[in-house]
Amino acid sequence: MSYQLIRGTFESRTYDALISAGLSSKHIFFDNVGENPPTSGAYATISMSFTDTIADTVSCEGLEDLRGSLSCNVYTAKNQGSKTGEDICLEVIKAWLAINTFKAQPTDQIRSMKTRSIEGPITIAPDDRPFHVNNVACNWMARAK
């Protein structure tokens, strides 16, 4: 089992939601790729962690249960209110909720995937950057070959 299959699935759905919300592909960064934020305009960072990997030895099918967390920070212009960042976060939340409707086909390597405990959008305390920061996060679980 490769972590990349799970990472790619969850990250690509988050990425697609950010594109749908109007962000440029050049303004979306992943935790495993260096962040080079723009000087103006909105951008986002996506971070994914694997917290538990459980090998399933009972079913003898070679399936693994994986769990972790997924987080997306959305950076928008300061002093213009929260609406822009919250609207972008809403698109991400919709994409994460849509994951729960996934129905595996017999040939799919991912047998099931779910998101749980979705939080946000939460306003993160200001930092030195000239951006307002909203965060959405969730726990996820997947079962894969």
Using only heavy-atom distances, determine whether the side chains of N139 and T115 contain a donor-acceptor pair under 3.5 Å. no
Polar side-chain atom of D87 near backbone of T84 as donor-acceptor pair, under 3.5 Å: no
Are M141 and I99 linked, directly or through other ILVMFWY residues, by side chains that come within less than 4.5 angstrom of each other? no
Scanning both residues in full, the closest heavy-atom pair of M48 with I6 reads CE-CG2, 3.8 Å
Heavy atoms, side chains only, cut-off 4.5 Å: are D108 and Q105 in contact? yes
Would you give me the side-chain donor-acceptor pairs under 3.5 Å for residues 15-24, sequence neighbours excluded?
from : atom 1 : to  : atom 2 : distance (Å)
S20  : OG     : D16 : O      : 3.1
S24  : OG     : K26 : N      : 3.1

Check whether any side-chain heavy atom of P130 lies under 4.5 Å from a side-chain heavy atom of K78, and answer yes or no. no
Would you check if T76 and V74 make a side-chain contact, meaning some heavy-atom pair closer than 4.5 Å? yes
Would E91 and K94 count as a salt bridge (Lys or Arg N to Asp or Glu O under 4.0 Å) here? Give the steps. CA-CA 5 Å; E91 291 304 313; K94 288 177 186 177; 3.3 Å; yes
Tell me yes or no: between the side chains of S69 and W140, is some donor less than 3.5 Å from an acceptor? no
Can you name the closest pair of heavy atoms from K114 and N100 and give their distance? NZ-O, 3.0 Å
Atom CD1 in I46, atom CZ in R7: separation rounded to 0.5 Å? 10.5 Å
Would you please test N135 and S71 for side chain to side chain donor-acceptor pair (under 3.5 Å) and show each step? CA-CA 7 Å; N135 171 271; S71 177; 2.8 Å; yes
Contact between T123 and V133 at the side-chain level, heavy atoms closer than 4.5 Å - yes or no? no
Minimum heavy-atom separation for F131 to P38, with atom names? CZ-O, 3.4 Å
